[in-house]
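To start, I am sharing the structure in question, which I have written as structure tokens.
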Amino acid sequence: MIVGIVGKPNVGKSTFFKASTLADAEIANYPFVTIKPNEGVGFVKINCVDKEFGRQCNPRTGYCSSHKRFVPVNLIDVAGLVPGAHEGKGMGNQFLDDLRQADALIHVIDLSGSTNEKGEVIEPGSYDPAEDVRFLEVELDMWYIGIIKKGWEKFARTVVQEKQNVTIALAKQLSGLKVTEAMIEEAIELLHLDKEKPMQWKEEEFQKLATLLRQKTKPMIIAANKIDTPHAHQKLNLLRQQFPRYLFVGCSAESELALKEAAKAGLINYIPGENNFTIAAAEKLNEKQKKALDFIKANVLEKYASSGVQDVLDKAVFELLGYIAIFPGGATKLEDKDGNVLPDCFLLPMKSTALDFAYKLHTDLGKNFIRAIDVKTKRTVGKEHKLQHRDVVEIIAGK
Ligand SMILES: Nc1nc2c(ncn2[C@@H]2O[C@H](COP(=O)(O)OP(=O)(O)OP(=O)(O)O)[C@@H](O)[C@H]2O)c(=O)[nH]1
Ligand SMILES: [Mg+2]
């Protein structure tokens, strides 16, 4: 799974990315610091199942801290997009292309209102973040329209002349954006488009088609960043009323980054997403660090119950995309051959079945599937059994 971090310049995308991955992204207070997409691994947080078995797990990927399991997801930090990006403004075309493979988007906006539409620093509170929300929708839709309409006449003519199915042909053309035949079929039906006469599709129909496909393939959560600044909370409430179709999560990427770095340096104990931290080495903290930690405690953690960054990732994967986390495990033992307890945890689309999971583990397990065991209840289940979030499953397969 790939989650793209998007937004205009200077809203805090790289800070969010670095806080989520602790990778070495450049952070600075001016636009266009990022010129290549940063790719990294972030983590979603779940209550680990190890506790229910009275064990401590040994993850092969990710980590587990106080029975909170952190499962890896791929993140990309894309350079800032400006209005007109779809026409190539600010290298927009190239930046948009970096998003093709994304399964979901985290749209970072600036609640402080201290950056204009180009990301330039202005008087705090003088820019309405609602504009951030609107502009990105337009740019993404225009980008999709551009791809759909590229060589459309020739495409439509060939489809008609060769009696091709327009759905299949279009799905092929758009597969790079993760558009499927089913999505196109659904959109065509909804818009009452004539499949026999693609040459007659109108401009406004292309627009609606682009919006529908963009919403399906790039579902978006909004990370309302800089929640630590004055009036940010009122602004966020207003945005929620203005845009009920979006899931907004307030966050302070800068606070999360400071906490993670302090934890990494051994100064504090902090589990990402929690509402508190403890001082681990008071003697090593200088005045500036103490002040920063006090600020974060009072203005972020105590006010909002967390820095919000972990929440954004978790909600993107589990609410927006509706994924579930599944652990492979044996009904009689939870260890792998090297003695690691519950070493793996996989993220699967909702409604995944036992058979889907078998294929995810190994094609041979899928092909030779006999039955599965729900390890928590020890019940035997069949191919079609729908898995639930945090299930532990053993696959029994033939040779
Ligand atoms: N107050 C506050 N400032 C933040 C927060 N997150 C980021 N910033 C500041 O916002 C500025 C821009 O941060 P970046 O992470 O470089 O922004 P970006 O969106 O990646 O910018 P481009 O790469 O130019 O598109 C920096 O000065 C950050 O310190 C936050 O949560 N609160
Ligand atoms: Mg950046």
Side-chain angles (χ1 to χ4, degrees), residues 3-40 42 75-85 89-92 94-96 98-99 105-127 129 132-133 135-136 139 222-233 235-236 248-262 272-273 288 291-293 295-301 303-304 306-313:
V3 179
I5 301 171
V6 294
K8 72 180 186 189
N10 227 348
V11 290
K13 297 182 299 300
S14 295
T15 310
F16 186 101
F17 174 80
K18 193 170 177 188
S20 309
T21 60
L22 267 190
D24 213 16
E26 270 184 274
I27 296 166
N29 192 15
Y30 54 86
F32 294 119
V33 174
T34 305
I35 46 168
K36 280 217 182 97
N38 291 302
E39 295 182 23
L75 296 180
I76 46 174
D77 167 28
V78 179
L81 296 163
V82 292
K89 287 227 172 83
M91 292 172 37
Q94 187 197 320
F95 298 165
L96 284 164
D98 293 331
L99 292 177
L105 302 179
I106 292 173
H107 180 191
V108 182
I109 62 168
D110 176 359
L111 278 183
S112 72
S114 63
T115 45
N116 68 10
E117 73 279 8
K118 293 194 198 116
E120 293 156 348
V121 177
I122 50 165
E123 183 74 15
S126 61
Y127 193 77
D132 290 351
V133 180
F135 115 88
L136 194 78
E139 290 307 321
I222 301 193
N225 194 32
K226 310 193 187 178
I227 192 88
D228 52 283
T229 56
H231 317 296
H233 195 234
K235 204 76 231 174
L236 177 56
F248 284 87
V249 182
C251 65
S252 172
E254 203 165 59
S255 302
E256 178 71 3
L257 181 57
L259 292 171
K260 287 252 183 83
E261 283 184 331
K288 206 175 146 207
K291 263 201 175 136
L293 289 173
F295 178 88
I296 293 170
K297 198 171 213 164
N299 293 290
V300 181
L301 299 183
K303 225 163 140 184
Y304 302 108
S306 78
S307 82
V309 170
Q310 186 62 54
D311 233 24
V312 172
L313 293 171

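Order of appearance sets the numbers: ligands from 1, and atoms from 1 within every ligand.
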Heteroatom proximity flag, Ala79 to ligand 1, N/O under 3.5 Å: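 The answer is no, given that Ala79 and ligand 1 share no N or O pair closer than 3.5 Å.
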Backbone or side-chain N or O of Ala253 under 3.5 Å from ligand 1 N or O: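 So ligand 1 has an N or O lying under 3.5 Å from an N or O of Ala253.
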Distance (rounded to the nearest 0.5 Å) between Ser255 OG and Asn225 CG: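 Reported to 0.5 Å precision, the distance equals 9.0 Å.
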Plane angle bin for His107 and Phe135 - parallel if under 30°, tilted between 30 and 60°, otherwise perpendicular: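 Correct class here is perpendicular.
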Heavy-atom closest pair, residues Val11 and Lys226: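 What the structure gives for the nearest pair is O-CE, 3.4 Å.
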Salt-bridge criterion met for Glu261 and Lys18 (N-O under 4.0 Å):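 Looking at Glu261 and Lys18, the cut-off is met.
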N, O or S of Ser14 under 2.8 Å from the Mg ion (ligand 2):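 It does: Ser14 brings an N, O or S atom closer than 2.8 Å to the Mg ion (ligand 2).
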Closest heavy-atom pair and its distance - Ala19, Glu256: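 Minimum heavy-atom contact is CB-CG, 3.8 Å.
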Residue portion contacting ligand 1 (non-hydrogen atoms closer than 4.0 Å) for Val108: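 For Val108, no heavy atom sits under 4.0 Å from ligand 1.
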Asp228 neighbourhood, listing ligand 1 atoms whose heavy-atom distance to it stays under 4.0 Å: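 Near Asp228, meaning under 4.0 Å from one of its heavy atoms, ligand 1 has 1 (N), 2 (C), 30 (C), 31 (O), 32 (N).
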Shortest non-hydrogen contact between Phe16 and Leu313, atoms and distance: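 Answer, listing the atom of Phe16 first, then Leu313: CE2-CD2, 4.2 Å.
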Distance-only side-chain donor-acceptor flag, Thr115 / Asp110, under 3.5 Å: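 Side-chain D/A pair, Thr115 to Asp110: present.
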N/O separation below 3.5 Å, Ser255 to ligand 1: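 Looking only at distances, the answer is no, because the N/O contact criterion of under 3.5 Å is not met.
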For Thr229, the ligand 1 atoms whose distance to one of its heavy atoms is below 4.0 Å: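 Contacts of ligand 1 toward Thr229, numbered from 1: 1 (N).
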From Lys18, Glu254, Lys8 - option closest to atom 2 (C) of ligand 1 by heavy atom: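 Result: the heavy atom closest to atom 2 (C) of ligand 1 is in Glu254.
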Atom indices of ligand 1, in the order listed, that fall short of 4.0 Å to a heavy atom of Ser252: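 Heavy-atom distances to Ser252 below 4.0 Å select 31 (O).
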Per-atom contacts of ligand 1 with Gly80, taking only distances under 4.0 Å to non-hydrogen atoms: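 Counting from 1, the qualifying ligand atoms are 25 (O).
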Lys13 N/O under 3.5 Å from ligand 1 N/O: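 Between Lys13 and ligand 1 (N or O atoms, distance only) the closest approach is under 3.5 Å.
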Positive for side chain to side chain contact (heavy atoms under 4.5 Å, CB included) with Lys235, one of Thr229, Ile227, Ile109, Leu111: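 The single option meeting the side chain to side chain contact (heavy atoms under 4.5 Å, CB included) with Lys235 is Leu111.
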N/O donor-acceptor pair under 3.5 Å between Lys8 side chain and Asn116 backbone: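 Yes: the side chain of Lys8 pairs with the backbone of Asn116.
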Short N or O distance, Val11 and ligand 1, threshold 3.5 Å exclusive: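 Between Val11 and ligand 1 (N or O atoms, distance only) the closest approach is under 3.5 Å.
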Minimum non-hydrogen distance to atom 11 (C) of ligand 1, winning option of Val121, Asn10, Asn299: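 Of the listed residues, Asn10 has the closest heavy atom.
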